[in-house]
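So the structure is just underneath, and the comments pick up after that.
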Amino acid sequence: MYAVKVLHGYISKDGQRTRDKNRARVFVDKNYAEKFANKIGGRVKEFSR
């Protein structure tokens, strides 16, 4: 699973920045996560719940 990391947090399901990893929007496909991260200026981080 992958999450998009920005500044000191992650992008949540509602599009806001959150510091809580459990509320982060989860991407299954790394390519899709990278496209989204490039679009908003973030980076992709792999993690497991």
Side-chain angles (χ1 to χ4, degrees):
M1 290 192 282
Y2 303 94
V4 175
K5 185 157 177 62
V6 291
L7 295 175
H8 299 289
Y10 300 91
I11 296 296
S12 68
K13 295 174 186 173
D14 60 355
Q16 301 294 319
R17 185 178 65 86
T18 181
R19 296 189 80 177
D20 185 13
K21 194 185 293 188
N22 293 327
R23 291 183 43 209
R25 182 174 178 185
V26 176
F27 295 92
V28 179
D29 184 22
K30 185 176 182 180
N31 291 330
Y32 184 69
E34 286 178 348
K35 286 180 185 178
F36 183 72
N38 288 336
K39 192 175 206 180
I40 65 167
R43 66 182 180 94
V44 176
K45 183 170 183 177
E46 185 176 5
F47 74 97
S48 61
R49 286 195 175 194

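Since the structure is predicted, the reported quantities are computational estimates derived from the model, not experimental observations.
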field: Distance in Å, Lys45 NZ paired with Lys21 NZ, rounded so as to fall on 0.5 Å steps
entry: 5.0 Å
Which residues share a side chain to side chain contact (heavy atoms under 4.5 Å, CB included) with Gln16, sequence neighbours left out: Ser12, Asp14
task: Working to the nearest 0.5 Å, report the span between CG of Asn38 and CZ of Arg43.
output: 13.0 Å
- prompt: How long is the span from the NZ atom in Lys30 to the CD atom in Glu46, to the nearest 0.5 Å?
  reply: 7.0 Å
task: Mind listing the closest non-hydrogen atom pair of Arg19 and His8 along with its distance?
output: NE-O, 3.4 Å
field: Rounded distance (nearest 0.5 Å) linking atom CG of Asp29 with atom CE of Met1
entry: 14.0 Å
task: Please write out which residues are connected to Phe36 in a hydrophobic cluster, directly or through intermediates, given that two of Ile, Leu, Val, Met, Phe, Trp, Tyr count as joined at side-chain heavy-atom separations below 4.5 angstrom.
output: Tyr2, Val4, Val6, Ile11, Phe27, Tyr32, Ile40, Val44
query: Looking at side-chain heavy atoms only, is the closest gap between Tyr10 and Arg25 below 4.5 Å?
result: no
